[in-house]
Each structure stands twice: as structure tokens, then as C-alpha cells.
Amino acid sequence: MRELVRAMVRLEERPELRLLDVGPGARVLGPGALGLDGARGVRRLELALPRRALAALSKVGLGAERLLGGCDLFQRVFPLDPPAGRARQVLAVLELPPEGSRQETPWRRALERADALVLSELAAREVRRRFGLEPDRVHLASPGCEHWARDLGPAVPRADPPQILALGRTDARRRHAELLGAFERLRRQGTHARLVFAGGRGDAAAGLDVAIATSPFARDVRRIERPREAELPALVARSAVLAHLSEGELSAVTPLEGLSLGLAVVASPLPAFVEALGEHAIWAGKPGDTPDVEDLALALERALASASDPAAQAARRAHASAFTWERSARLTLEAWGRILARA
């Protein structure tokens, strides 16, 4: 959302933007981070309240649209929070809860009255299938991925020996243990490389801690449990391979960010990833299957072999260059226009 705002405020032709920023404590994103310095037609309302307090305000007629001084359309990030009264609404669907879970309830309630803004054809299909939305209420935008390259500044040298990077929480669905096993297999075969896990502690963190501690190659494995966002562009740029394994993601933002910096990308063959990355990723296993250690080792071996190829690096960067936040902002504005024009 930060990058979408940054891109949208730079557009010459756009409606007035009103930003609602809710939460106690110091603001993580100042005006500069959002590109608001000197921007015309933008108002930002900052409320030092917990988000749950907005539900109480809405009961006395102070929904989000009233707090903002009125709006024609409210784009929400969270399904039901904050309440937005009678304003037209669109929900940015960046992920979905497990099908059939209790977490689906707020999404279903939100999408009874909101359109959906999605970042892949897969997400569009899933929203229509799971929540019964008519096709004209599901709007396709696209992710951008150039912000890490923008924030990097001067080029940084690649790590030596080559660095394999896995971003994201240590959840079981990200297959960190299998990735470690594949890395160990490569090291036993004589491949010189290092492995870095960067992300918060998830449901598989304890098991991964033990696996790393008992690994014969523990000295070549690094854990960064609280990566600072400002350090991520350089961390990625120093790497040779980005390994992004997951289940059910609806957008390829992270692997595209790896391509934008020229990295070889090893990814799960999820439909949203295949849609966005095409031939520029190395797929770990087959669609619908859980990759095993051997699959991952072969994929990592291929990725390391192509990581330093200048032509391959250039092709990856060129492919990612089509995914800009300006394009995402323009597609979002077009979606807003269709929603407001609908009777």
C-alpha cells in the first residue's frame, strides 16, 4: 500500500486522496516515505487510537468516510476494519484465509458490499469461486517490484561464496527445513555457498533452530529474525539466488523483487507465480506437489549456475521492469472509475 500511494500521488490526473492512518505510537511511515512532500490534493488523517476503537466511533455515526470528511470510494486493507458507512468500497485482496476456516467470515461479510481488487488472475478466480462475486466486481491490477532497486542506491557486490536467500516468516508452508536439507546436499557435493533465512519466527521456527544447530554446515547458515526493511535491498542484491517457497500465495511480489535485482529465483510453481514469472523462474517440483529435498537441490544447483550469467541477469531485470507501481496505480484508478460508474 505504501508503494501504491507513492505512485498514485505522482500521477497528474487523479482524484483527491484522503489517507486514514490509525494506531498508537510513532508513525513508521512519514510523509517522505509515502511521497507526500509537496504532493497536491492529498490529505492524511492520523488518529492515535487502536483500530478497534473505530468500531465504537462508527456506532455513533463516525465511520471512516465521515472521519475523512466524506469520500466517494473507500479502499480498505482489512476486511471490516474500519467501518466505512455507505461509501462505495473496494477491498485489496493480497491474501486469503484458509478455505473453510473461521477467518473466512469477515472476508465474506466485507465482500457482500465491497468489490475486490486483486493482483493476479488466480486471485480473481479464487475470489469469484469462494465468495460468489460477479465478474464485474473483481478488478485486476498488478504488483510493482522496482522499489528495492530504487532504494538500493549504488550497486553492491555479490557475496562470495554465493548467497542463497529465503525471505519470510519461518512457517511450515515455506519449507525452510527442506530448503536447509537441499543446501546441505549441495554442500556435500562440493558446492560452495551460504544460506540466509531472513524473517520473523513462525510456526516452524523451533524446528528450524534445531535443524540449523545440528547441521554439519551450520557455520554457513545465517538467521536474521528481525530484518530491517531499510537493509533488505542490499541483502537481496548481495545474494545470488532467492528461494521463495510457499503455498497458496495470490501475488508474486517477492519473487518479482528478486528478478528486479537480477537474482536467479527458485519458486514454488503456484499459478500466481507462473503467471507473473513465466520462464524467468526455476520451479521447485511440479504443480500441486510438495517439493522434496532432491527437487530443491536440483533447482538450487540450476539457479546457482545461472546466477552469474550477465545475459540471464539482464533478462530477469528486463522482465521485472514491466511490473511498475505506476502501472499498478493506473490500473487501480481504472478500477475505482468502474466501481463509481456502476449504477
Side-chain angles (χ1 to χ4, degrees), residues 1 3-4 7-8 73 75-77 79 89-101 103-104 107-108 110-112 114-147 167-168 173-174 242 244-260 265-291 315-339 341-342:
M1 296 306 298
E3 293 302 325
L4 181 62
M8 198 167 284
L73 183 141
Q75 176 159 322
R76 54 174 60 260
V77 181
Q89 298 178 34
V90 58
L91 172 60
V93 181
L94 307 180
E95 58 185 1
L96 284 172
E99 188 167 6
S101 67
Q103 291 79 11
E104 271 192 328
W107 290 83
R108 191 173 302 281
L111 291 171
E112 286 175 355
D115 283 30
L117 183 69
V118 298
L119 298 181
S120 69
E121 291 284 0
L122 169 67
R125 292 195 298 271
E126 282 295 288
V127 168
R128 292 196 296 264
R129 181 183 68 84
R130 289 172 60 173
F131 301 101
L133 267 68
E134 295 297 325
D136 65 348
R137 290 183 56 208
V138 182
H139 309 272
L140 182 63
S142 72
C145 66
E146 77 272 24
H147 50 284
L167 296 173
R173 66 189 180 94
R174 295 197 179 278
L242 175 67
H244 192 71
L245 309 175
S246 189
E247 298 173 5
E249 287 191 37
L250 300 178
S251 170
V253 172
T254 299
L256 281 170
E257 289 169 334
L259 292 186
S260 74
V265 172
V266 172
S268 305
L270 302 179
F273 291 179
V274 174
E275 176 187 329
L277 307 178
E279 65 181 3
H280 298 282
I282 295 170
W283 305 113
K286 298 179 181 179
D289 292 340
T290 300
R316 292 190 283 264
R317 289 191 175 99
H319 179 76
S321 68
F323 294 85
T324 68
W325 286 112
E326 179 181 345
R327 178 171 178 255
S328 184
R330 293 189 184 280
L331 290 171
T332 299
L333 282 179
E334 291 175 8
W336 290 358
R338 290 193 296 271
I339 295 169
R342 193 171 61 227

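Treat the numbers as computed from the prediction; the structure is a model and nothing was measured.
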Working to the nearest 0.5 angstrom, can you tell me the gap between [X] [atom1] and [Y] [atom2]?
{"X": "Glu126", "Y": "Arg129", "atom1": "CD", "atom2": "CZ", "result": "4.5 Å"}
{"X": "Leu331", "Y": "His139", "atom1": "CG", "atom2": "NE2", "result": "12.0 Å"}
{"X": "Glu112", "Y": "Leu133", "atom1": "CD", "atom2": "CG", "result": "10.0 Å"}
{"X": "Ser246", "Y": "Leu167", "atom1": "OG", "atom2": "CG", "result": "12.0 Å"}
{"X": "Leu140", "Y": "Glu334", "atom1": "CG", "atom2": "CD", "result": "11.0 Å"}
{"X": "Phe323", "Y": "Glu257", "atom1": "CZ", "atom2": "CD", "result": "12.5 Å"}

Nearest heavy-atom neighbours spanning [X] and [Y]:
{"X": "Leu4", "Y": "Ala329", "value": "CD1-CA, 3.6 Å"}
{"X": "Ala335", "Y": "Leu117", "value": "CB-CD1, 4.0 Å"}
{"X": "Pro255", "Y": "Leu242", "value": "CA-CD2, 4.0 Å"}
{"X": "Leu96", "Y": "Phe131", "value": "CD2-CE1, 3.8 Å"}

Find out whether [X] and [Y] are in side-chain contact, i.e. whether some heavy atom of one side chain is under 4.5 Å from a heavy atom of the other.
{"X": "Ser268", "Y": "Glu247", "answer": "no"}
{"X": "Val93", "Y": "Val138", "answer": "no"}
{"X": "Leu122", "Y": "Arg125", "answer": "yes"}
{"X": "Arg173", "Y": "Glu249", "answer": "yes"}

N/O donor-acceptor pair under 3.5 Å between Ser328 side chain and Pro143 backbone: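 Checking the backbone N and O of Pro143 against the side chain of Ser328, no donor-acceptor pair under 3.5 Å is found.
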Donor-acceptor contact below 3.5 Å, side chain Glu146 vs main chain Ser260: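 Flag not set: sc Glu146 to bb Ser260 has no pair under 3.5 Å.
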Contacts of Arg108 that satisfy salt bridge (Lys or Arg N to Asp or Glu O under 4.0 Å) - sequence neighbours left out: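 With neighbours one apart ignored, the set is Glu104.
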Distance-only donor-acceptor hits, side chain of residues 269-284, under 3.5 Å, sequence neighbours excluded:
unit_1	atom_1	unit_2	atom_2	d
Glu275	OE1	Glu121	N	3.0
Glu275	OE2	Glu121	N	3.0

Sole residue of Val253, Leu119, Leu250 in side chain to side chain contact (heavy atoms under 4.5 Å, CB included) with Leu94: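 When Val253, Leu119, Leu250 are each tested with Leu94, the side chain to side chain contact (heavy atoms under 4.5 Å, CB included) holds only for Leu119.
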Residue pairs fulfilling salt bridge (Lys or Arg N to Asp or Glu O under 4.0 Å) with at least one residue in residues 134-144, sequence neighbours excluded: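 Matches after skipping sequence neighbours: Asp115-Arg137.
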Test item: side-chain donor near acceptor, Glu326 and Thr324, under 3.5 Å: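 Glu326 vs Thr324: no donor-acceptor pair found between side chains.
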